[in-house]
Amino acid sequence: MSSDQVTEIARTPRVPDRPTLDGIEAKWSEAWEREGCYRFDARAPREQVFAIDTPPPTVSGSLHVGHVFSYTHTDAVARYQRMRGKAVFYPMGWDDNGLPTERRVQNHFGVRCDPSVAYDPGFQPPAEPSEKEPVSISRPNFVELCLRLTETDERAFEELWRRLGLSVDWSLTYTTIGAHAQRVSQRSFLGLLARGEAYQLEAPTLWDVDFQTAVAQAELEDRERPGAMNRVRFRTEDGADALIETTRPELIPACVALLAHPDDQRQRALVGKDVLTPLFGTRVPVLTHPLVDPEKGTGLVMVCTFGDLTDVVWWRELSLPVRSVLGADGRLAEVPWGAAGWESEDVERARREYEQLAGRTVNQARKRILELLAEAGEIVGEPTQITRAVKFFEKGERPVEIVTSRQWFLRTMAHTDKLIERGRQLHWHPPYMRARYEDWVGGLTGDWCVSRQRFFGVPFPLWYPVDQQGIVRYEQPIPAEQSQLPVDPSTDLPAGYTEAQRGQPGGFVGDPDVMDTWATSSLTPQIAAGLAAEAAPAGEGEELFARVFPMALRPQAHDIIRTWLFSTVLRAQLDHDQLPWSNAAISGWVLDPDRKKMSKSKGNVVTPMHLLEEYGADAVRYWAASGRPGTDTAFDAQQMKVGRRLAVKLLNASKFALADLPREGDALGSPLDRAMIARLARAVAEATESFEDYDYARALERVEVFFWWYCDYYLELVKGRRYDSGQTQAGRDGAASVSRALRRSLSVFQRLLAPFLPFVAEEVWSWWQDGSVHRARWPDARELREALGEVGEAPAAGEAAVEDEALAVAADVLKEVRKAKSEARRPMRAPVARLLVRDTPQRLAALQLGLGDLRAAGSIDLVETAEADELAVEVELAPEDA
RNA sequence: GGGCGCGUAGCUCAGUGGGAGAGCGCUCGCUUCACACGCGAGAGGUCGCAGGUUCGAAACCCGCCGCGCCCACCA
């Protein structure tokens, strides 16, 4: 593509009589698809590739205004980079794996997954789904339904993205549950296993009792819940009181120790002794630990297995025994009072009391044990009502518990120093977002638990041998072969076994779990780059992968820095020993006008499609693009109207500039034209600089401000010359200059606005240019400045300054003239009989260069000047009848 | 409790050492030959509070107040 495109009209402009935005979205999105406008050029060398790790939206929800907001930011950057000549790798993924989809499928079809049920190839979901009495189906059947439902969602999402004008290469589409993503995810896991970065452990794990699955630290959130603080009496053997305070009395049977701070004098007499638990008479030691806060409660704290994460710390560091009462279903389990570990001073009583609790949920058991404690006189004083922060699984409805189970972990704690270093190598936009990453990495307390006891996810590619006694030998996992991937160990077979051996002594079992959804999402750069690599000719895939990965950009919202961003950095570190991308652009949220995060319910009222229909894609994009990187932005339909105005303005300014252009005498000779082009060059430089820093909002603001000034002042000032009748050589020269300036500036404006308003920019570009504006070259400030030198010598700095001042003074005076007409309540075309301009000698001298244009623009007959310290004008309007 | 960000016109925000600004909203005016999906003009602010640095502070430093987000050992 030649840079001359900036100046040359490719063909006679075809400008509609009445330009309109109607219909341009359908017209151009179809054309872009037909022409392959956004297709990634797989032959581009690595230094020309700009690869984007697009966030795959969760398809089981609905896209809301917040998605439109942040995806528009990325698209503006993608379009800029494409115009800069980059081969933009811009894929789209759908995150359809995981719990949200499971829940949705359960409700939609009225089914429940039961892994013990056999696969039914002819299964059809019930005609009238019942949430109350779901049909139990096999895991493969369940997964089929998940796929069926997500496919519909994905079509709707793609439709919306196309309507919004995202310049995605739709041939690069993946799903996180698809075979390709599963293969990448399982291959990575097997590599980690081989290198000892993945391990399994029977250990206390965060557990959601409703979903009955392990969850990760990153998936927790705090919620304020009312609670009651009870003062409960433990006793030493010689009958002395040891008082503790607790909000979780139901865990007293699981108590394994009482703790005090080592320096707490008040507890000195107790430390080192044993005490008996109330009701159950279990003997537990009183120990010390520096984490105990002597100011809290009585200064004595009960350690249970397990009430919270601190209990786990104490249990581990003090080598305490396990005495676990809570089952995976969130109810208190039966326990063998009197057996090893469950000794009691009064076994019969312990059994009797515990019978009142077994089988109850946590809340029921808490209520009951408080009654029992009160009856036994072991509660001291009245309970205090408090509000406390309780940890919940972010998608859960009851607090998480800590349950001991066998889980798979990825090593993270061994790599935190390296991960912080990687975070410092990453370019953050805005830079302060790095702090959130460092806080998170620095605050990690354990390795990443990646196994989930769920169904719709990527299975672990593992089986375990079953020995002759029928015991599963978890410590000897049988990994899948690379060539088998992806595998589902519940239906596929490990090498050397037959299906008949499944679950039999001497046979095998498949790993029943699936991976955490983030365990797959954390590989999106590798999944996306792998898509291109798989499509490459044989033998070239690896080389192509290396041209795409690591990528240039990860765009995402700030709330998932601790999950998605962190885990992606971790996986790239573990698998590739490098960063997955060089830049992270963090977007904010969309807030309600009342400054709260826009809620799902409201998001459903104001659907993105509804907005696009009402205001148009360019208008919605304009609002989105005005939200600065990392900053939360209020939802504002008013701004969309402003965006629509800008789009209409571009239509009309283009019409004006292109109508009846003279084809000869292309001299850029007039001072105001030259000054405008020089100012335009500065605007281009600012927009470019902003985009290079990923600040699309600043780029838009600079372009927009200058474009409105151009329309309001420059276009008005040059209208007279633009319509010159051509009777004199000076008139013809002036018209030719304006014509040339309009063509140059219009071409630049159309391209500067293209990343933000792709539809209208393409529309006006098509009136006079061949090819898509989105494949045109991003305007270049230097090139524009050089254009000023095309007639004779490039202007000297001093000359350029005078020309710029001429434009400034002419615009200032024009404003004063307009003011006078406005105050006189006369139309703007009302003739001015006489104009007196007072100003500094320098500015008056500069004004001479633009006097002709000013007179035409203001319909001014006579202009006089007088020297003064600052601008002041006297306007004498011609009589109204004249 | 710790960290980060924010506090400028009624609203949304730009401005980071030397004139307090934009858009929207509001008021008034104008059928002007690109545009009534328009154009022009106007009103409106102790730049959160208090100190300090400086010839000069909305901006830099210290403290405080308020709002938001993230994190925390939540007994």
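All chains are named by letter (A, B, ...) in the order of the sequence lines, taking the proteins before the strands, and each is independently numbered beginning at 1.
A:Cys304 comes within 4.0 angstrom of nothing in the nucleic acid, heavy atoms only. Using a 4.0 Å heavy-atom criterion, one finds that A:Arg698 contacts the sugar-phosphate atoms exclusively. Heavy atoms of A:Gln217 sit under 4.0 angstrom from primed sugar atoms or phosphate atoms, though from no base atom. The residue A:Lys655 sits close only to the backbone: its heavy atoms come under 4.0 Å of sugar-phosphate atoms, none of a base. No engagement by A:Glu823 is indicated, since no non-hydrogen atom pair under 4.0 Å with the nucleic acid exists. Residue A:Asp712 is classed as a sugar-phosphate contact, given heavy-atom separations below 4.0 Å to backbone atoms only. Across all strands shown, A:Met433 has no heavy atoms under 4.0 Å from either base or sugar-phosphate atoms. No contact: A:Ser859 has no heavy atom under 4.0 Å from any strand. Residue-level contact check: A:Val292 touches the bases, meaning some heavy atom is under 4.0 Å from a base atom. Residue A:Lys296 is in base contact, counting any heavy-atom pair closer than 4.0 Å across all strands shown. Across all strands shown, A:Lys815 has heavy atoms under 4.0 Å from sugar-phosphate atoms exclusively, and none from any base.
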(message) side-chain contact (heavy atoms from CB on, under 4.5 Å) for A:Ile561 and A:Met433? Distances and angles first, verdict last.
(response) CA-CA 9 Å; A:Ile561 288 175; A:Met433 286 294 178; 4.2 Å; yes
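The side chain of A:Arg562 contributes an N or O atom lying less than 4.0 Å from OP1 or OP2 of B:rC71.
Across all strands shown, B:rG56 has no partner, as no Watson-Crick or G-U wobble contact with both distances under 3.5 Å is found. Base pairing of B:rG7: its partner is B:rC65, meeting the Watson-Crick or G-U wobble criterion (both donor-acceptor distances under 3.5 Å). Pair assignment for B:rC13 gives B:rG21, based on Watson-Crick or G-U wobble hydrogen-bonding distances that are each under 3.5 Å. Across the strands present, B:rA36 finds no partner; the criterion is a Watson-Crick or G-U wobble pair with both atom distances under 3.5 angstrom.
Ion pairing between a basic and an acidic side chain is recognised when a charged N comes within 4.0 Å of a carboxylate O; A:Glu716 and A:Arg722 show no such pairing. Note on A:Asp208 versus A:Arg398: no salt bridge recorded, every NZ/NE/NH1/NH2 to OD/OE distance being 4.0 Å or above.
Which of B:rC35, B:rC4, B:rG40 sits closest to the side chain of A:Ala435 comes down to B:rC4. Comparing B:rA75, B:rC69, B:rA72 by their closest approach to the side chain of A:Ile386 singles out B:rA75.
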(message) Base contacts versus sugar-phosphate-only contacts with protein, heavy atoms under 4.0 Å: please encode nucleotides 18-33 of chain B as B, S and - from 5' to 3'.
(response) -----SS---SSS-B-
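When each of A:Thr246 and A:Glu701 is assigned the nucleotide of RNA chain B with its nearest heavy atom, A:Glu701 is the one assigned upstream, toward the 5' end.
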